[in-house]
**Student:** 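Sharing a structure below in structure tokens format, with a few things to ask.
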Amino acid sequence: MDFDATFLARLQFAFTVSFHIVFPAFSIGTSAYIATLLLLWSKTGAERYHRLARFWTKIFAVSFAMGVVSGIVLSYQFGTNWSRFSEVVGNVIGPLIGYEVLTAFFLEATFLGIMLFGWTRVPSWLHVTSACVVAVGTAISGFWILSANSWMHTPAGFEMKDGVAHPVDWLQIIFNPSFPYRFTHMMIAAYLTTAVVVLAVGARYLLANKFGEDARTMVRMAVGMIVVVAPLQAFVGDAHGLNTLEHQPAKIAAMEGHWDGSEPVALSLFGWPNAATERTDFELAIPNLSSLILTHHWDGKIKGLKDFPREDRPPLLAPYFGFRIMVAIGMLFIATGVVGAWLLWKRRLWEARWFLWPASLMWPLGFVAILSGWITTEVGRQPWVVHGVLRTADAVSPISFTSVAISLALFVVVYCVVFSMGVFYVNRLINRGPDATVTAPPRHGQPSRPLSAAGETMEAVLDGGALEGTR
Amino acid sequence: MEWYLPLAWGLIIGAAVAMYVVLDGFDLGIGILFPFTKNEHERDQMMNTVAPFWDGNETWLVLGGGGLWVAFPKAYAVVMPALYLPVIVMLLALIFRGVSFEFRWVAKPNKGVWNVAFAGGSIVAAFCQGLILGGLLQGIDAQVVPGRGVQFAGGALDWLTPFSLLCGVGVTLGYALLGATWLNMKTDGEVARRSRAQAVPLLAATLVAMALVSLWTPFAIDRIWERWFSWPNIGLLWPIPLVTAAVAWGVWKGLENEREIGPFLGSIALFFLGFLGLAISIWPYLVPPTLTFWDAAAAPASQIFMAAGTIVLFPIIIGYTVFVYWLFRGKVREGEGYH
């Protein structure tokens, strides 16, 4: 790998997009969770749902802000660092991003204002609706961005004229071959990751004997979600893998550490793929099992890395290890869901500290799995930025090594400072826990005046203290 | 069609950028004015006037950048590398500023760091936007590279000139003016009083900056001299500076008479007039002096596909944006907030 401006630009994009993706993934899940809580509240009137919705909205606000600001960066980086990419495929991908802005970003950002600040200022139905609109907006955003990303993996519906892609069929472009799989896989990942975070927070409170009713509600809801969604994700992930095998066989070969296409594929548990010697060192593998998974035949054959010219092979280590980390975490989630559901059914969950303790530490794992999967698929697409159409090395801007190096250094410093503070503050909010001092507004009709719900605590309102709690 | 499409898209992008400049302008302006009060309650009050809106405001910036890419990919691919450093620094500044809205409340009582981040981020972002404007106005060195079309061919610091620095200062002052007149409208008490007092010198300074830019560009660039001072153009264009002067006088009078809405609307009008002037100067180029709107346009099929959605969605977006501003109408008083 040459250490040049192209490599730095890749590193920069990988860094900024990896930081970014954590927040929208969490926002997609949290906004859906908050909308669910508020809908449950308006249906049942149970105070705890409203309290939990307020609590998670505070966390959501911090995460959403970080997602917005790190996302603006990306919409400009296509041009600053990848101007040739912008030019060559702009006709096709540009409108997908454009539609994301028009159908999702404005919707989310505008209704977020009502969701965050309208608790007592607008009628309940409008507030609940706004929360739902934000949740739908985040999902629409996922639709378009994953469509654009999928097109880079499995481009369709276009023709090349004078070295530039021109659209031919928009439906084929939007619903390109890998899009349904990637979209489903990613959305489930977002919901699953959030469910694990909710579980971890609830478990943490139970272990500390705090916020009992709220904590039990969170754990119950999270376990219910995980036990359904985690196995579903394994199923969807498998289908996604088969789709990749069809369209990007080199990526699958790299993920499996599979060199020789004339041999059946072993399920490689551990190893160290070695590009120089064209074999996987220190390998521990179960013979033929991957053949069975990928081709549904014990002796099924797929292309090995040696079937591709060296210049068309992706880097090996990132897809190989990224894939394994993701799958391992997925398996752990399935087990967590099953065990948690069983304990819940046996009514032993609230005392099962051996389960709650590891569960309380699990919150980062969903994000790790998302990033690992992301790295697997993106590095696995190399050396192409748009598979078969444009090589990454031909996609960069005509800018100097120094400019990219300086900006990369700035990004690393700023992101590390700002986003570790963000995690610190989210942790602080979790430590404070749900606020029981504020009561829910009436479910029907208009609050008599702004902030009337905080009426009983008017003194606190005047010095600004309780207002924070109305959020 | 092939002639009208890029024109229509020029108007759409122009509208998006104008929306951004006005909406995020006052909200960056509040950050720019942050250091001029020491009272934390007043800072809370200032921030609360924009807290429900800032996310939506900033989305116009994404539309500006994204829209430029969608409609004019060749211009996007030349402008972004050319203005690399100011764009990146602006984005980083916006990060600091944006997260401050949330972090500042959670960090209570230790707000100090995020006060600095909010003010610093706002000032740097505004200044960088001015640099970007100046860098674009003065022209970008782009050349035809065989097989690759028009590419940026200049150096990393080409944008850094006295003129672009002037634009940076001008935009920062102008945003501060928008912020001050917004606060005058949305608050009362001490904050409103101080904002009115700040708005008068800011108005004067903004006008000076506008006048300097208006004189500098025609003297430095022949094309712009021709545009404004050749017959019959001068006959058609002379009302623009006159109207600008009249609006400025109206803003000043409004501030003197403690009017609430007038000065803010007048400041917005000043921005629109400045924007109109710049558009007249830059026409027909999107990236002076090489790429016109037509040179840089995306494939017609792409422009049509995107235009279809924009025509439907733009009014809806404007509609719910207005709705949210209406919901959170009225004054934000000290000690009263949404947090």
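Letters A, B, ... are given to chains in the order of the sequence lines, protein chains preceding strands, and every chain is numbered from 1. This structure is a prediction, so every number in the text was calculated from the model and none was measured.
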**Student:** How close do Val70(B) and Gly94(A) get, counting heavy atoms only, and between which atoms?
**Tutor:** CG2-O, 3.0 Å
**Student:** Within the 4.5 Å heavy-atom criterion, are Phe103(B) and Val418(A) side-chain neighbours or not?
**Tutor:** yes
**Student:** Looking at NZ of Lys58(A) and CH2 of Trp105(B), how far apart are the two atoms once the value is rounded to the nearest 0.5 Å?
**Tutor:** 12.5 Å
**Student:** Exactly one of Ser407(A), Ser403(A), Ser400(A) should register a side-chain hydrogen bond (donor to acceptor under 3.5 Å, both in side chains) with Tyr84(B). Which one does?
**Tutor:**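 Looking at Ser407(A), Ser403(A), Ser400(A), the match for Tyr84(B) under the side-chain hydrogen bond (donor to acceptor under 3.5 Å, both in side chains) is Ser407(A).
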**Student:** Is Leu112(A) in contact with chain B via its backbone, its side chain, both, or neither, using a 4.5 Å heavy-atom distance?
**Tutor:** side chain
**Student:** Check for a donor-acceptor pair, side chain of Tyr76(A) on one end and backbone N or O of Gly65(B) on the other, with a separation under 3.5 Å.
**Tutor:**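 Judged by distance alone, yes, a pair lies under 3.5 Å.
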**Student:** Within a strict 4.5 Å, meaning less than it, do heavy atoms of the Phe64(A) and Asp55(B) side chains meet?
**Tutor:**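 Yes, their side chains come closer than 4.5 Å.
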**Student:** Specify the closest pair of heavy atoms between Met66(A) and Val99(B), including all atoms of both residues, with the distance to one decimal.
**Tutor:** CG-CG1, 3.9 Å
**Student:** Chain B heavy atoms under 4.5 Å from Val417(A): which part of the residue, side chain, backbone, both or neither?
**Tutor:**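 It is neither, since no heavy atom gets under 4.5 Å.
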**Student:** Indicate the atoms forming the closest heavy-atom contact of Arg428(A) with Val106(B), along with that distance.
**Tutor:** NH1-O, 2.9 Å
**Student:** Let me confirm one number: the CD-CG distance from Glu100(A) to Leu63(B), rounded to the nearest 0.5 Å.
**Tutor:**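 Going from the CD atom of Glu100(A) to the CG atom of Leu63(B) covers 12.0 Å.
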**Student:** Taking atom CD1 of Ile88(B) and atom CG of Leu410(A), what is their separation to the nearest 0.5 Å?
**Tutor:** 8.5 Å
**Student:** Counting only non-hydrogen atoms closer than 4.5 Å, does Val73(A) touch chain B with its backbone (N, CA, C, O), its side chain (CB onward), both, or neither?
**Tutor:** both
**Student:** Any idea which heavy atoms bring Glu102(B) and Ala65(A) closest together, and the distance?
**Tutor:** CG-CB, 3.8 Å
**Student:** Would you mind reporting whether Phe152(B) and Ser83(A) have side-chain heavy atoms less than 4.5 Å apart?
**Tutor:** no
**Student:** Compare all side-chain heavy atoms of Phe117(A) with those of Asn48(B) and state whether any distance is below 4.5 angstrom.
**Tutor:**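 Sidechains of Asn48(B) and Phe117(A): no contact.
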**Student:** Tell me, for Ile399(A) versus chain B, whether the close heavy atoms (under 4.5 Å) come from the side chain, the backbone, both or neither.
**Tutor:**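 Just its side chain gets close to chain B.
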**Student:** Does the ring centre of Tyr320(B) sit less than 6.0 Å away from the ring centre of Phe106(A)?
**Tutor:** no
**Student:** Using non-hydrogen atoms only, which part of Val50(B) is less than 4.5 Å away from chain A: side chain, backbone, both, or neither?
**Tutor:** neither
**Student:** Within a strict 4.5 Å, meaning less than it, do heavy atoms of the Gln77(A) and Met80(B) side chains meet?
**Tutor:**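 No, their side chains stay 4.5 Å or more apart.
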**Student:** Is chain B contacted by the side chain of Met115(A), its backbone, both, or neither, given a heavy-atom distance below 4.5 Å?
**Tutor:** neither
**Student:** Sort out for me which of Gly309(B), Pro73(B), Ala107(B) touches chain A most, counting heavy-atom pairs under 4.5 Å.
**Tutor:** Ala107(B)
**Student:** Counting heavy-atom pairs closer than 4.5 Å to chain A, which one of Phe305(B), Trp60(B), Tyr76(B) comes out on top?
**Tutor:**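 That would be Phe305(B).
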**Student:** Atom CH2 in Trp170(A), atom OG in Ser302(B): separation rounded to 0.5 Å?
**Tutor:**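 Going from CH2 on Trp170(A) over to OG on Ser302(B), the span is 4.0 Å.
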**Student:** Where do Ile317(B) and Leu102(A) come nearest, in terms of heavy atoms and distance?
**Tutor:**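 Result for this residue pair: CD1-O, 3.5 Å.
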**Student:** Is the backbone N or O of Ala298(B) less than 3.5 Å from a side-chain atom of Asn91(A), with the two atoms forming a donor-acceptor pair by type?
**Tutor:** no
**Student:** What distance separates Ile406(A) CD1 from Leu85(B) CG, expressed to the nearest 0.5 Å?
**Tutor:** 6.0 Å
**Student:** What part of Leu126(A) gets within 4.5 angstrom of chain B, counting heavy atoms only: side chain, backbone, both, or neither?
**Tutor:** side chain
**Student:** Is chain A contacted by the side chain of Phe96(B), its backbone, both, or neither, given a heavy-atom distance below 4.5 Å?
**Tutor:**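 Contact with chain A: side chain only.
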**Student:** Against chain B, work out which of Ser130(A), Ser70(A), Gly163(A), Pro398(A) has the most heavy-atom pairs shorter than 4.5 Å and name it.
**Tutor:** Pro398(A)
**Student:** Would you name the heavy atoms of Arg121(A) and Arg329(B) that are closest together and state the gap between them?
**Tutor:** NH2-O, 3.0 Å
**Student:** Taking every heavy-atom pair that is under 4.5 Å apart, which of Leu327(B), Leu313(B), Val62(B), Ile95(B) has the most such pairs with chain A?
**Tutor:** Ile95(B)
**Student:** Is it the case that more than 12 heavy atoms not belonging to Asp162(A) sit under 6.0 Å from its CG atom?
**Tutor:** no
